[in-house]
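As the structure lists them, so they are numbered: ligands from 1, and atoms in each ligand from 1.
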Amino acid sequence: PGQSEFVAALDLRPANNLIVKMDARLDKSTGLLTWRFTSLDADTQEPTDDPEAGFLNPNKKSPEGEGSVVFFVTPKPGLTTGTEIRNKARIVFDVNAPIDTPEWLNTIDDSKPVSQVLQLLAQQPAASFEVKWSGTDSGAGVESYTVYVSENGGAFTVWQKDTPDTSAMFTGQAGRTYSFYSVARDAVSNREDAPTTPDATTAVATATPSGATLQFGQATYSVAEGTTNVVLTVTRSGDGTGEVSVGVSNSGTLAEPCVTLSGVAQQRCDFIGGLARLTFAPGETSKTFTVLIIDDVFVEGAETVQLNLTGATGGASVGAQSGATLTITDNDTASSSVNPINTVDFFVRQQYLDFLNRDPDTGGFNDWRNVLNTCGTNQGGLGSPVTCDRVQVSSGFYRSTEFTERGYFIFRFYNAVLGRLPLYTDFISDLSSLSDSQSPAEQQGRIATFIAGFMMRDEFSAKYPGLATSANAAQFVARLEELAQVSLPETIPPQRPDQPPQFTRSQLIQMMGSGQKTAAETVRAFVEQQAVYDKFFYRGFVAMQYFGYLRRDPEQAGYDDWVRVLTSGDAPTGIQPGDYRHLIFGFIYATEYRQRFGQ
Ligand SMILES: [Ca+2]
Ligand SMILES: [Ca+2]
Ligand SMILES: [Ca+2]
Ligand SMILES: [Ca+2]
């Protein structure tokens, strides 16, 4: 740099008996740059007489006779856009006629491009609408656009990143406003400044009712306490084309002891279920849900619970038959001092109800019953071998594939995606949407429906404002990691055969960014990563003691303390990390648990 001449001699021996003299110089006043290459006979130091003996062969067989010189030119400072810089070269071999190259032209582009998102309708009739933008640039021309969006006046986030396209479909939500602006980049990387006000703003119209009406099939249902379950029906009438959903709640979520006779049948004491979200696929006109009945020994007479439909989505409305009364008729006439949970069959069935939200299948039930019946003289009760006792059987339900893929999946989903514990009612309601699948394909469909519905909830939108798009893949995954407090690895351990696909952070971002995975599929993959699975495993174990055995929310202090003990062990009591036996033992022999069924 700074030099205006360069002289050197290059010895080509032994390959070639030549010395090549190079003489390069720049005439600063004319801008003429000259290279002169002279081949000298290495012995005589004189130009060789042989016309074919130079360092550059005749181009008989291309490219043996081709050569080039390369040079870089820095433009003078302050050149304005449009300034042309022209170069051409003249090549002279020996005494031959000069060869002129074509002229090369560079044009300076020192100006930023200008772009804008085109005007949008003040109100969009549908949640999905087309957004267009355009731009101009003097000089090299616009190469790409980045389009930003803000929802309901919130912070702007990237929607389309460095795209050459000039339009895309945007999907918003009913009743929300969206503002857009674009920033263009030209072919030489000049980048437009962001505007101070958005280019275009629009609102998505509030959803118009679809005309679907959802209601109970009957006003009253009745079941005897000794019957295992009762099936209730919800019907859809009117418009049957779209996907709609409705929540089921009930009046039986009281905290009174089960022995207290209030005339109200209570979940936990008298039944399991009655909390659900029912999703009607397009064309479906009825859905059923199952309430599981507990055959306690309380003499309580007929008890009723009121079931209600609330929170219809998809523009549906709840019809006149928005509630139904379920009566459970008693089968006890004399008080019993024997608690039915003491019997093996009752205990085993209750594990199915409390962890899997269903009645047992015959094969599974017989297997578990057999484990306990042959477990020592106490049949798995106190003092039995620890390899087959009630604690071991109950923990088997938590560790079962069915619970892991449903209950633990739901629990982990709340913790990982929203960064909080699910409430008992959230958990049971969402678990019911994954229960009773008849095939793996149906199960996959239910999980997809659950996630899609979950992402429509306000709590999700508030935590991921505008982030669930491919353009925001990196921010979306970072937000998942932040809320879950999990860092995805950049290298992943070998994939186990029974495990969902495992990815590195970069892979997950790349798949979402390229559109290979939707936001919903990305969320699901995140929740299925080993790091996330491991993070919440003990917490799920503790939470299920409350959700499953006690059918209620945990007290925070008790929950935290059990998580600590399970994670780190407890020196004073000698409990080792990961020792769940103490935990389960404490709950299944607790008075609160046993008094769900009898005294
Ligand atoms: Ca009762
Ligand atoms: Ca009862
Ligand atoms: Ca009974
Ligand atoms: Ca009873």
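Nearest N/O/S atom of Asp332 relative to the Ca ion (ligand 3): this is OD2. Taking the Ca ion (ligand 3) as reference, Asp295 places its N/O/S atom OD1 nearest.
Under the 30°/60° scheme for interplanar angles, the aromatic rings of Phe597 and Phe346 are found to stand perpendicular.
Annotation: Phe541 is in aromatic contact with Tyr398 [ring centroid separation under 6.0 Å].
With the Ca ion (ligand 1) as vertex, Glu303 OE1 and Asp270 OD1 subtend 80°, rounded to 10°. The angle Asp296:O - the Ca ion (ligand 3) - Asn331:OD1 amounts to 170°, with values rounded to 10 degrees.
Residue Asp330: no N/O/S atom is found under 3.0 Å from the Ca ion (ligand 2). For the Ca ion (ligand 3), the set of nearby N, O or S atoms under 3.0 Å includes one belonging to Glu225. Under 3.0 Å from the Ca ion (ligand 2) lies an N/O/S atom of Glu300, whether from backbone or side chain.
Arg412 forms a cation-pi arrangement with Tyr408, by the criterion of a distance under 6.0 Å to the ring centre and an angle within 45° of the ring axis. Relative to the six-membered ring of Phe547, Arg552 misses at least one condition, a distance below 6.0 Å or an angle of at most 45° to the axis.
Looking only at atom types and distance, the side chain of Glu481 has no donor-acceptor partner in the side chain of Ser487 under 3.5 Å away.
Counting non-hydrogen atoms of other residues, nucleotides and ligands closer than 6.0 Å to CD of Glu284 gives a total above 12.
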